[in-house]
Student: 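Before we start, here is the structure in question, set down as structure tokens.
Worth saying up front: this structure is predicted, and the values here are computed from it rather than measured. Proteins get letters first, then strands, A, B, ... in listed order; numbering begins at 1 in each.
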Number of protein chains: 2
Amino acid sequence: MERVFSIGKLATASGSKVETIRYYESIGLLPEPERNAGNQRRYTARHYDRLTFILHARDLGLSTEAVRQLIDLSQHPDMPCRDADEIARRQLDDVRQRIARLKLLEAELERTLSSCSHGTIAECKVIEALAQCGACERHHRPPR
Amino acid sequence: MERVFSIGKLATASGSKVETIRYYESIGLLPEPERNAGNQRRYTARHYDRLTFILHARDLGLSTEAVRQLIDLSQHPDMPCRDADEIARRQLDDVRQRIARLKLLEAELERTLSSCSHGTIAECKVIEALAQCGACERHHRPPR
DNA sequence: ATAATTCCTGTAGTCACTATAGGTTCAAGC
DNA sequence: GCTTGAACCTATAGTGACTACAGGAATTAT
């Protein structure tokens, strides 16, 4: 007598949304659940576990593709875990790069804002700063 | 006689792509340029300036909508610059939140990886960590 | 029994591009 | 002047990861 529950309950229990759950099913991340007599989805604890796995991985910034790989891996329990490790490691590199980049942006925005003269738009440093180059990394040159 | 140049030159000069330039025109961020006899776009320095403005703002993480607002603002030079300032300030808040969030993820991924036993998938801490809660902020409860 | 809520499918919309197809125009070399 | 290849044109579809809607059917609450 396994406890089953509706898609709405699964959504609130997991902190996600009904539409998101159906979406994960549609792209094959969540297995299709049983249906009741009225064609409504009935989920079990296994679905809940799989869903929280997906949600946690997504929260950590993994793509659905990476999640799919991890799920595939986890279904071959006797493989070496190097592959799963590798996925997490790549993700960590990525997160660190995003942090570094955002810190540059933060500094640039701070600089931009601190120089705001609170005059009119014509002398607004925010717009000026964006029109010029500042600490920009984009490799471009004015067309002379 | 104003120097004019093709979409390809504008792309390389600005460090963007031909398709992106046409896209910005299509959503009304870049004004429609003149065309030559053969219907090809001919750009001037003013287009280059506008484009770098857009690209810098996008690099800083502003949405195209925010860029649109800034452009609108810059066309009313006698308005107070408070509005432009406000847009940049909101963006700074946002950047700081993203940094804070990513740092949590970084710590979580580090924790996850440092405990990897390099055994088989069955005992892989990466997958285990994602299946459980850890430092997760998602407010959910298992369905008992 | 009726009303309100939840569920169903299918489709379209979002954001900010990117890619493709099928054609036209331009620029360089001969 | 001609040919060839690169660059350009429009229009449409695809991406990722959902979100929103329309129009119904089922369930739950009163």
Side-chain angles (χ1 to χ4, degrees), chain A residues 4-30 32-43 47 50-71 87 90-91 94 98 101 105 138 143, chain B residues 4-30 32-43 47 50-71 91 94 98 101 105 138 143:
Chain A
V4 295
F5 37 113
S6 70
I7 194 167
K9 304 291 179 199
L10 183 61
T12 49
S14 65
S16 63
K17 293 194 192 164
V18 169
E19 292 82 3
T20 308
I21 294 171
R22 284 198 285 248
Y23 170 69
Y24 286 153
E25 180 183 325
S26 81
I27 62 168
L29 285 189
L30 266 179
E32 296 182 19
E34 305 283 312
R35 304 288 183 123
N36 71 359
N39 196 35
Q40 302 194 348
R41 292 169 177 83
R42 293 301 139 186
Y43 292 96
H47 292 101
R50 168 69 67 90
L51 179 57
T52 54
F53 180 92
I54 297 168
L55 294 171
H56 287 154
R58 296 280 310 123
D59 267 3
L60 285 172
L62 305 222
S63 66
T64 51
E65 200 39 51
V67 176
R68 193 189 308 278
Q69 286 172 33
L70 285 175
I71 289 172
I87 289 172
R90 260 204 299 276
Q91 198 55 32
D94 197 78
R98 294 206 304 258
R101 177 127 182 75
L105 304 189
R138 188 170 281 280
Chain B
V4 294
F5 37 113
S6 69
I7 194 167
K9 305 290 179 197
L10 183 61
T12 49
S14 64
S16 63
K17 293 194 191 166
V18 168
E19 292 83 3
T20 309
I21 294 172
R22 284 198 286 248
Y23 170 70
Y24 287 152
E25 180 184 326
S26 80
I27 62 168
L29 284 189
L30 267 179
E32 296 183 17
E34 304 283 312
R35 303 290 182 119
N36 71 359
N39 196 36
Q40 301 193 352
R41 292 168 177 83
R42 294 300 138 186
Y43 293 96
H47 292 100
R50 168 69 67 89
L51 179 56
T52 54
F53 179 92
I54 297 168
L55 294 171
H56 287 154
R58 295 280 310 124
D59 267 3
L60 285 172
L62 305 223
S63 67
T64 52
E65 199 40 49
V67 176
R68 193 190 308 277
Q69 286 172 32
L70 286 174
I71 289 172
Q91 199 54 33
D94 197 77
R98 294 207 303 261
R101 177 128 181 75
L105 303 190
R138 188 169 280 280

Student: Quick one: Ile21(A) CD1 to dC7(C) C1', roughly how many Å, whole number?
Tutor: 12 Å
Student: Does the side chain of Thr12(B) reach to within under 4.5 Å of the side chain of Phe5(B), using non-hydrogen atoms?
Tutor: no
Student: OP1 or OP2 of dT25(C) less than 4.0 angstrom from a side-chain nitrogen or oxygen of Asn36(B), does that happen here?
Tutor: no
Student: Counting only side-chain nitrogens and oxygens, does Tyr24(B) get under 4.0 Å of the OP1 or OP2 atom of dC17(C)?
Tutor: yes
Student: Taking CD from Glu25(A) and P from dA17(D), how many angstroms apart are they, rounded to a whole number?
Tutor: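 It is 18 Å, rounded to the nearest whole Å.
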Student: Between Ser63(A) and Arg58(A), what is the shortest heavy-atom contact and its length?
Tutor: CA-NH1, 3.7 Å
Student: Run the salt-bridge test on Glu65(A) and Arg68(A) with the 4.0 Å N-O cut-off and return the result as yes or no.
Tutor: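 The answer is yes: the pair qualifies as a salt bridge.
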Student: Could you give the CD-to-P distance, from Glu19(A) to dG10(C), as a whole number of Å?
Tutor: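 So the two atoms are 16 Å apart, to the nearest Å.
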Student: Taking CD from Glu65(B) and C1' from dT14(C), how many angstroms apart are they, rounded to a whole number?
Tutor: 13 Å
Student: Contact between Val4(A) and Asn36(A) at the side-chain level, heavy atoms closer than 4.5 Å - yes or no?
Tutor: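 They are not in contact (no side-chain heavy atoms under 4.5 Å apart), so the answer is no.
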Student: Between dA17(D) atom P and Leu55(A) atom CG, what is the distance in whole Å?
Tutor: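 Result: 14 Å.
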Student: Decide yes or no for Leu51(B) and Tyr43(B): does some side-chain heavy atom of the first lie under 4.5 Å from some side-chain heavy atom of the second?
Tutor: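 Side chain of Leu51(B) against side chain of Tyr43(B), heavy atoms only: no contact under 4.5 Å found.
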Student: Please state how far atom CG in Leu62(B) lies from atom C1' in dA16(C), giving the value in whole angstrom units.
Tutor: 14 Å
Student: Provide, to the nearest angstrom, the distance between the CZ atom belonging to Arg68(A) and the P atom belonging to dA17(D).
Tutor: 10 Å
Student: Is there side-chain contact between His47(B) and Ile21(B), with heavy atoms separated by less than 4.5 Å?
Tutor: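 The answer is no; the side chains never approach within 4.5 Å.
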Student: Between Thr20(A) and dA17(D), does any side-chain N or O lie under 4.0 Å from OP1 or OP2?
Tutor: no
Student: Given side chains that start at C-beta, do those of Arg35(B) and Arg42(B) come closer than 4.5 Å, heavy atoms only?
Tutor: no
Student: Indicate for each nucleotide in nucleotides 8-16 of chain D, in 5' to 3' sequence, whether protein heavy atoms under 4.0 Å reach the base (B), only the sugar-phosphate (S), or nothing (-).
Tutor: SSB------
Student: To the nearest Å, give me how far apart CG (Leu29(A)) and C1' (dA17(D)) are.
Tutor: 11 Å
